[in-house]
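The structure under discussion appears below in the form of structure tokens.
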Amino acid sequence: MTKFIAVVGGVISGVGKGVTTASVGKILQEYGFSVTAVKIDPYMNYDAGTLRPTEHGEVWVTDDGGEIDQDLGNYERFIGINIPKKNNLTTGQIYKTIIDKERAGKYLGETVQFIPHVPNEIKRRLREASQGYDVCLIEVGGTIGDFENIAYLFAIKSLERELGKENITYMLVTYLPIPSHIEEMKTKPTQQAIRLLSENGILPDFIICRGHKPLDAIRKKKIEVMANIDKDYIISEPDIDTIYRIPLDLEKEKMGEKLLTQLHLKAKKKPDWNHWKNLVNGLTNATKEIKIAIVGKYVDVGDFTLADSYLSINQSLSHCSANLKVKINIEWIDSKIYEANPSKLKGLSAFNGIIIPGGFGTSGIEGKISAIKYARENNIPFLGLCYGLQLATVEFARNVCNLEGANTTEVDENTKYPIIDVLESQKKILEESKYGGTMRLGAYAATLKKNSQVLKLYTETKRIDKDEELLKNLKKKKDQDFRLGVLQKSQKTILERHRHRYEVNPKFIQQIEDKGLVFSGYHERTDGTKLMEFIELPKNKFHIGTQGHPEFKSNLEEPSPPFFGFIKAAME
Ligand code: GLN
């Protein structure tokens, strides 16, 4: 039977509930359990696909094409499994299912009501997501006391009755502020959160105390009395240097053993943290230092945290840091500065590598293209992600193939040389698919060219073997066949996630290849259409672009091959 851990937040959101959930998952994995995680987002949007990245951070893409809140990314980065889109519950989805069912006459004369229909649908989804796993973590977004969380807490409490208390444990992640004028850690908001949670019939089994500093004995005692739980289950989780240290810190407080006790589980294996510890040390005790420029677009919008809209790229670079023991100093550069002031391009010579991340629309595009030209001409390692591949192809067409005015039709519909375009056949297939829209979303197979740099990268990081396993499983599931397309038996295939609409225009491929840019990977549709997945310029140290988003499959223990290769080249 699957055991559940419900993680809820108190006091304020944004204190690391997702990372705590992911860390707890990692700990249980070390004890030999198979773990999955569910994120509940109480908003009415159906998914995160239409949320503004500058407000909500980046949209996370799953293997099965879901556009999801980035917490699923946190789970994957710690647990290293591919989490499907059904593991993200939103209020929009719950209500839509119920209303659709009601319209289809599935409730046969019943009055459809908030209770029990909404919690029932929530429970159905939780059970479905947990199937086949030893442990399922459920993170409830927001904080206790939010109106929109009521149905979820009700559902979880009702799940407890059905499963028995020994099969579910509650974890409250709370925050202890230290107001600067008194310099004292306050427990009152935590006490209030405990009370609010109890109004839902839930008493926490664990209280994780986040704060700028560790929790001291006096305050632990206060919380112990208020929550009426043993102080051993009140766990201090202060701010630290890297999120990847959290599982190690929680283990110092014997989190694993305590969880097993609560859930009536026996360890399946003895945890071995050596590898993880090594990686964390690689992150914090680097022996080398490099500078990477990320030339992007979202830089000038409002007061958001910039790093959040490129969170996965940031994390992928951290994973390289950990494995290569190198400190990576990232500079976020707004590409528009190169349009206003081309002489600023020279500043790029101070960097060991340049990344052009994904993006949409027309703003800052010429600046990005100039930055790519600068990287190519000065042999500075370059990694282009999605739009980055597209613009690197445009740059090459313009400046090496002399196709003046070459462009993507996303920017110039009437360009004489539409190097990047929406392929008509592609548009039709996507519109007909049940996934809707015209975006290519989720994991697609890419056949890699023999002797290419890309093949070498995927081979030396052992991703080839992992993806071969994954491909076998995907083949079994008929409904995902269209993502595999035609597979070449004699060639190696990998899977990366996608989120884009435009493609390299097949009409120009030969002309571009003749001048030296290699299309080193492609996806072949069953109708014979080939979609370009990778470019590389063999004459440069590292000039690689990928149509996918490899940053969505990077984790601490398995850094993404294109990023890994890029950072290695940047270190040389
Ligand atoms: N705007 C481009 C497209 O839609 C690239 C998208 C991206 O970078 N994710 O094809």
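Just so you know, ligand 1 is whichever comes first in the structure, and atom 1 is the first atom listed for that ligand.
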Atom 7 (C) of ligand 1 sits nearest the protein heavy atom C386 SG, 3.0 Å
Protein residue, atom and distance nearest to atom 4 (O) of ligand 1, heavy-atom basis: R501 N, 3.0 Å
Any atoms of ligand 1 less than 4.0 Å from a non-hydrogen atom of G358? List them with their elements. 8 (O)
For ligand 1, is any non-hydrogen atom under 4.0 Å from E410's backbone (N, CA, C, O), its side chain (CB onward), both, or neither? side chain
Any heavy atom of H500 under 4.0 Å from ligand 1? The part involved is both
Would M439 count as a contact residue for ligand 1, given that I'm defining contact as a non-hydrogen atom of the residue lying under 4.0 Å from a ligand atom? no
Top protein contact for atom 5 (C) of ligand 1, by heavy-atom distance: G359 O, 3.3 Å
Between F78 and K26, is there a cation-pi geometry (under 6.0 Å to ring centre, at most 45° from the normal)? no
Would you mind telling me which of D41, T91, D146 makes a side-chain hydrogen bond (donor to acceptor under 3.5 Å, both in side chains) with Y152? T91
Does K568 pair with E460 as a salt bridge, N-O distance under 4.0 Å? yes
Among protein heavy atoms, which lies nearest atom 9 (N) of ligand 1, and at what distance? R499 O, 2.8 Å
Compute both the distance and the angle, then confirm whether R483 meets the cation-pi test with Y444: under 6.0 Å from the six-membered ring centre, within 45 degrees of the axis. yes
Looking at K17 and E139, does any basic side-chain N land under 4.0 Å from a carboxylate oxygen? yes
Output every pair passing side-chain hydrogen bond (donor to acceptor under 3.5 Å, both in side chains) with a member in residues 349-366, not counting sequence neighbours, ordered by first then second residue. E366-R398
If we ignore angles and hydrogens, is there a donor and acceptor under 3.5 Å between the side chains of N329 and K327? yes
Please work out, at 4.0 Å between heavy atoms, whether the side chain, the backbone, both, or neither of Q390 comes within that distance of ligand 1. side chain
What's the shortest distance from atom 10 (O) of ligand 1 to any protein heavy atom, and which residue and atom give it? Y502 N, 2.8 Å
